[in-house]
Amino acid sequence: MKIWAHRGCSQLYPENTLLAFEKAAALFDRGLTGIELDVQLTRDGEIVVIHDERIDRTTDGYGFVRDYTLSELKTFHIHSGRTEAERIPTLTEVLDLIEAPMRKGFRLNIELKNGVYPYPGMEEKVHALVERYGLHQQVVYSSFHARSLSVMRSIDPHVEIGILDGRVSDCLYKLKGGCGAGVLHPAGWGIDLPKDELAGYTVRAWFGGHLYPEKPTGGKMNLQALEDKGVTDVFLNEPEAYL
Ligand code: G3P
Ligand code: CA
């Protein structure tokens, strides 16, 4: 089972921050496969790393990411319990931070958060940035928005693309529909096909819905049970507890 840090090490540190990504990159030597993060676009077209379309939940600000310029967004704080607050990072800042481990094999899943607002041009911008770093071999792009993945595939026939959905059957349906994806990113609760129908696919499961999803009853998640269902990778908020 391959383990990824979901939004960085987001159980113990604020999600999608340089702090959470730094902690995840430090786990590369312990076998962490990579980091998953979410990107949105600012009013001035910069790629920022934040899960929600709004900044209210994770910062001390209010409103939509797309209504602020990057410099305006940088004035908001993400409290981490340390003296210095974290700020919403750009994708460039994250790539600078984890470039060295990525050159040694550490991976990055960039989730294009364009299901609510399509952010025209986002695919080209993100692809061009990763291209500048020469890190495409280490990156997997994903989205719930199949049309966006088609755009990414038309930009580059070689990059790895994962289709996100709740059920793995829906992921497979979208994949076979020609969105350009090659791997499946279903929810952990959505493995609704027999293992033999998933044979040959990379199946990366995520666990959303509530705080600390991988530890719902105080015990650890059973990774073996997931592997027995055909899951090959998991995105965990607290990967350090499982490595
Ligand atoms: O990419 C897997 C997972 O992160 C998708 O759900 O809401 O956590 O972005 P969400
Ligand atoms: Ca995500």
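Atoms within each ligand, like the ligands themselves, are counted from 1 in listed order.
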*List for me each residue that meets salt bridge (charged side-chain N to carboxylate O under 4.0 Å, His left out) alongside Lys174, sequence neighbours excluded, and say none if there are none.*
Asp165
*Determine, using ring centers only, whether His185 and Phe235 are less than 6.0 Å apart.*
yes
*asked:* For the Ca ion (ligand 2), which protein N/O/S atoms fall under 3.0 Å? Skip waters.
replied: Glu36 OE2, Asp38 OD1, Glu111 OE1
*At a heavy-atom distance under 4.0 Å, which protein residues reach ligand 1? Sort them by chain and number, would you?*
His6, Arg7, Glu36, Asp38, His51, Glu111, Lys113, Phe144, Leu164, Trp206
*Aromatic rings Tyr117 and Tyr119: how do their planes relate, parallel, tilted or perpendicular, breaks at 30° and 60°?*
perpendicular
*Excluding sequence neighbours, so at least two apart, what forms side-chain contact (heavy atoms from CB on, under 4.5 Å) with Glu46?*
Thr42, Asp44, Leu70
*In terms of side-chain heavy atoms, does Asn114 have a donor or acceptor partner in His145 at a distance below 3.5 Å?*
no
*asked:* Check Glu93 with Lys74, please: is the shortest side-chain N to carboxylate O separation under 4.0 Å?
replied: yes
*Are Arg204 and Glu111 ion-paired here, with the side-chain N under 4.0 Å from a carboxylate O?*
no
*Report the relative orientation of the aromatic rings in Phe144 and Trp206; use parallel for angles under 30°, tilted for 30 to 60°, perpendicular for over 60°.*
perpendicular
_Test your reading of the model: is there a side-chain donor-acceptor pair from Arg43 to the backbone of Asp67, 3.5 Å cut-off?_
yes
